[in-house]
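Each remark here refers to the structure printed beneath this line.
Note that the numbering runs from 1 along the sequence shown for the chain. One-based numbering, in listed order, for ligands and for the atoms of each.
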Amino acid sequence: MATKGEVKKEVFESEEDLAVSLAKYTAQLSDKFCKERGAFSVVLSGGSLINSLRKLMEPPFIDSIEWSKWHVFWLDERVVPKDHEDSNYKLAYDGLLSKVPILPGNVYAINDTLSAEAAAEDYEARLRHLVKINVINISAASGFPKFDLQLLGMGPDGHVASLFPGHPLVKENEKWVTFIKDSPKPPPERITFTFPVINSSAYIALVVTGAAEAGAVQNALGNSQNSEKLPVAMVSPEGELAWFLDTAAASKL
Ligand SMILES: O=C1O[C@H](COP(=O)(O)O)[C@@H](O)[C@H](O)[C@H]1O
C-alpha cells in the first residue's frame with residue numbers, strides 16, 4: 001500500500017513512454033487488489049485519458065490482467081445517450097472496454113434515460129449498494145467510497161471530472177455524485193463524482209499531456225503566481241497520487 005498522501009511525479013519524453021508506464025502502473029495495482037480482495041474497482045475519466053490507456057490492450061498486459069475481476073466506473077459523464085459521440089461511456093467502450101474481456105455486468109455506466117439530477121441520484125444509489133456488497137471499499141476516515149484506482153485527466157482550465165474552476169460544485173462535501181447543468185465545456189449537462197469521493201481514493205493517477213495544460217499543472221505543482229486554487233490542485237487522495245506528465249505539460253515546472 002502506498003504511504004498515506006504520497007505524491008509521485010514522472011515526466012516522460014514522449015506520450016508513447018507515458019502510455020507504457022501508465023499501463024504498468026494500472027496492471028500492478030490490478031494485480032495487487034485482485035490478490036488482496038478479489039476485485040479491482042477502477043474509475044475512468046473521459047477525454048484523452050482513454051487513448052493513454054491503449055497499451056493495456058497489448059501484450060504483456062492484455063494477457064496478464066485478471067479482467068474478470070475489474071469493476072469499471074466513471075468519474076463523470078455527459079447527459080447524452082450512450083451511443084452519442086459526446087458520451088464518456090462510448091469513448092471508453094470503443095477505445096478500451098470492447099477490446100478486453102471485462103464482464104459486461106461489471107461495467108457501471110450512467111443511466112442515460114434519466115435527467116441529470118435523477119442520473120446522479122441513481123448512480124449514487126448504485127454505488128451505495130456496491131459498497132454494501134463489498135465491490136467498492138468504504139473509507140474509514142471519510143465515510144465516502146474508497147475506489148482502488150481513479151484515473152483522472154485534466155482540461156486546460158484545470159478542471160478534473162466535471163468540477164470546473166470557480167463553480168460551486170467544487171465545494172460539494174455531502175453528496176457522492178452530483179450534477180451540473182451549466183458546464184462551461186459542452187455539453188452543458190453532466191454528472192460527476194464530488195471531491196470527497198475523489199479524495200477518498202486509495203490510488204489516483206493524474207494523466208496530463210500537452211502545452212495547453214502547462215499553466216494548470218504549474219498551479220497544482222509549481223510556483224504559480226495565480227492565487228486561485230484550480231480543481232486539479234484540490235486532488236489530494238487518502239492514498240497515493242501519481243502524476244503522469246509529458247514534457248510539454250511539465251514545461252512550466
Ligand atoms: O470534459 C471532460 O474533460 C476532461 C479532460 O479531457 P481532456 O480531453 O482534456 O483530456 C475529462 O477528464 C473529463 O472526464 C471529461 O468529461
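Residue-level proximity to ligand 1 for K185 is carried by the side chain, the only part with a heavy atom below 4.0 angstrom. With a 4.0 Å cut-off on non-hydrogen atoms, L152 does not touch ligand 1 at all.
Heavy atoms of R190 come nearer than 4.0 angstrom to ligand 1 in at least one pair. Using a non-hydrogen distance threshold of 4.0 Å, L75 does not register as a contact of ligand 1.
Of the protein's heavy atoms, S48 OG, 2.6 Å lies nearest to atom 10 (O) of ligand 1. The protein atom (non-hydrogen) at minimum distance from atom 4 (C) of ligand 1 is H159 NE2, 3.3 Å. The nearest heavy-atom contact from the protein to atom 1 (O) of ligand 1 is R78 NH2, 2.8 Å. In this structure, atom 12 (O) of ligand 1 lies nearest to the protein heavy atom S45 CB, 3.6 Å. Protein heavy atom at the shortest distance from atom 9 (O) of ligand 1 is M154 O, 3.5 Å.
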Let me see the working for F193 and F73 under ring-ring contact (aromatic ring centres under 6.0 Å, His included), right down to the final yes or no. CA-CA 10 Å; F193 278 8; F73 302 85; 7.6 Å; no

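Under the 4.0 Å criterion applied to side-chain N and carboxylate O atoms, E16 and K55 are assigned as salt-bridge partners.
Between G46 and ligand 1, at least one pair of N/O atoms sits closer than 3.5 Å. Looking at ligand 1, you'll find an N or O of D76 within less than 3.5 Å of one of its N or O atoms. For ligand 1, the polar-atom distance check finds no N/O of S162 at less than 3.5 Å from any of the ligand's N/O atoms.
Residue-ligand proximity, G153 to ligand 1, at heavy-atom distances under 4.0 Å covers atoms 12 (O). Taking every non-hydrogen atom of G155 and a distance limit under 4.0 Å, the qualifying atoms of ligand 1 come out as 5 (C), 9 (O).
Between Y93 and Y89, the angle of the ring planes stays under 30°, which puts this pair in the parallel group of the 30/60° scheme. Using bins of under 30°, 30° to 60° and over 60° for the plane-to-plane angle, the ring pair F33/F40 lands in the parallel bin. Under the 30°/60° scheme for interplanar angles, the aromatic rings of H71 and Y108 are found to lie parallel.
Taking every heavy atom of both residues into account, D157 and P165 meet most closely at O-CG, 3.1 Å.
Between V177 and F179 the shortest side-chain heavy-atom distance does not fall below 4.5 Å.
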For residues 183-192, dump all side-chain donor-acceptor pairs below 3.5 Å to protein atoms at least two apart in sequence or in another chain.
residue: S183; atom: OG; partner: K185; partner atom: N; Å: 3.1
residue: S183; atom: OG; partner: K185; partner atom: O; Å: 2.5
residue: S183; atom: OG; partner: R190; partner atom: NE; Å: 3.1
residue: R190; atom: NE; partner: P187; partner atom: O; Å: 2.9
residue: R190; atom: NH1; partner: S162; partner atom: OG; Å: 2.9
residue: R190; atom: NH2; partner: K185; partner atom: O; Å: 3.3
residue: R190; atom: NH2; partner: P186; partner atom: O; Å: 3.2
residue: T192; atom: OG1; partner: S162; partner atom: N; Å: 3.2

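Remark: side-chain polar atoms of E124 are paired, donor with acceptor, to backbone N or O of W176 under 3.5 angstrom.
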